[in-house]
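Working notes, structure below.
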Amino acid sequence: MRIVSLNEESREEILGQLLKRSPNSYEPYNDTVLEIVERVRTEGDQALFEYTNRFDCEGIHASNIRVTEQEMAEAYTEVEERLLKTIRSALANIRAYHEKQKRYSWFDTTTDGTMLGQKVTPLQAAGVYVPGGKAVYPSSVLMNIVPARIAGVKKIIMATPCNRQGKVNPAVLVAAKEAGADEIYKMGGAQAVAAMAFGTESVPKVDKITGPGNIFVALAKKAVSGTVGIDSIAGPSEILILADESANPRYVAADLLSQAEHDELASAILVTTSRELAEKVSEEVDGFVKNLSRKEIIQKSLDHYGYILVADTKEAALETVNLIASEHLEIMTKNPFEDMTKVQNAGAIFLGEHSSEPLGDYFAGPNHILPTNGTARFFSPVSVDDFVKKSSIIYYSREALEKVHEDIEYFAEKEQLTAHAGSIRVRFE
């Protein structure tokens, strides 16, 4: 891996390079995605099946686009018992974590005749997207469905691509069943997002779509946002590790590669104050890559978006951490808990040498659907909050309103909204 001395110039150059991976840079694909979305919106099943047959598998139509109970039963026979047990163990951890996020309605009353509150209502229908291209992600199934189920969503449908034979990966189906999906549809890409956003003759319309996907999925979610809610527009995966001289270079190298193997656009960055650690990590990375199954993908990722940044001070290192605002942040320093308090921007934070990123991907419990490309400055991980909406509650008695009506009328008139003022005044004529 390349080693770069961290200064203002190198930091700006690297930030600019990372931003090229943003979904906002997917312009060449935009027209194609918009055409797909519009055709599904206006033509429904006809366009959905045409695109599904072209991009995923032939022979998908109204009678077989939805996964059947028989297909689900077959999936259970094809999944190893150990994998099923692991899915159930991970599911228990994910449920326990997300249960703590649950929100409740609240109301405050006063003796002078007012009541204010907030009513929390689950969404009626949620659509979760699970990728099925370069890899299979039953873990993403759990991360999408569990918070929706805990929030109380009435109907959860899942979209995931099928293979050329028209089958969905059995581990994905089993994870969906265990997590509590109501319906599963064999569809992927922009056409699946559009189908869930607008509804077709075969696919129900949802209120919100969550889950990661490729460039076409990201752009389709952007296109339908406003028609439905979305979690965020996900970009390629990324990891940033903050480490000092106390870190184990072998651990650091292995963790960097855990994200670089996702795809060629994935980013893996180490920020450290130790030149010695930087050199040792670079050597370890080179040694690991030779023996990994996805070494071609990893090497391209490292060549374009992999960096080891050597900072002069811990303060400069932390400033860079906050500017990059990485999806995954590992802190391998002498005092990771203290350093964590100085981090403002990160999707998920992993503390200490035994809390590697895959722990969060699969098992610990927090959601692994995270903000990418610097959006951790203003976005959060998918949570139960993504599947509820909040309504304000306001009640005033006549006596309570009488005490403040002149102030309200005055305020409205200052904004030249006389009908607003009249709406209050009429009650005291």
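Quick caveat: nothing in here was measured; it's all calculated off a predicted structure. Below, all heavy atoms of this structure are taken into account, side chains as well, without hydrogens, waters or symmetry copies.
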S5 side chain to R275 side chain, donor-acceptor N/O pair below 3.5 angstrom: yes

By salt bridge (charged side-chain N to carboxylate O under 4.0 Å, His left out) - contacts of D286 (at least two apart): none

side-chain hydrogen bond (donor to acceptor under 3.5 Å, both in side chains): pairs with one or both residues in residues 159-168, sequence neighbours excluded: E78-K167

Pairs involving residues 52-68, ordered by first then second residue, that meet salt bridge (Lys or Arg N to Asp or Glu O under 4.0 Å) (sequence neighbours left out): E50-R54, R66-E183

Where at least one partner belongs to residues 199-219, residue pairs that pass ring-ring contact (aromatic ring centres under 6.0 Å, His included), sequence neighbours excluded: Y29-F216

Salt bridge (Lys or Arg N to Asp or Glu O under 4.0 Å): pairs with one or both residues in residues 352-364, sequence neighbours excluded: none

Pairs meeting criterion ring-ring contact (aromatic ring centres under 6.0 Å, His included) with involvement of residues 144-192, two or more places apart: none

Which residues share a salt bridge (charged side-chain N to carboxylate O under 4.0 Å, His left out) with E283, sequence neighbours left out: none

Side-chain donor/acceptor pairs under 3.5 Å, residues 307-314, sequence neighbours excluded:
| unit_1 | atom_1 | unit_2 | atom_2 | d |
| --- | --- | --- | --- | --- |
| T313 | OG1 | A316 | N | 3.0 |
| K314 | NZ | D339 | OD1 | 3.4 |
| K314 | NZ | D339 | OD2 | 3.3 |

By ring pair (Phe, Tyr, Trp, His ring centres under 6.0 Å) - contacts of F288 (at least two apart): none

Sequence-distant partners of E99, salt bridge (charged side-chain N to carboxylate O under 4.0 Å, His left out), two or more places apart: none

Contacts of K342 that satisfy salt bridge (charged side-chain N to carboxylate O under 4.0 Å, His left out) - sequence neighbours left out: E338

Qualifying ring-ring contact (aromatic ring centres under 6.0 Å, His included) pairs with a residue from residues 365-394, counting only residues at least two apart or across chains: none

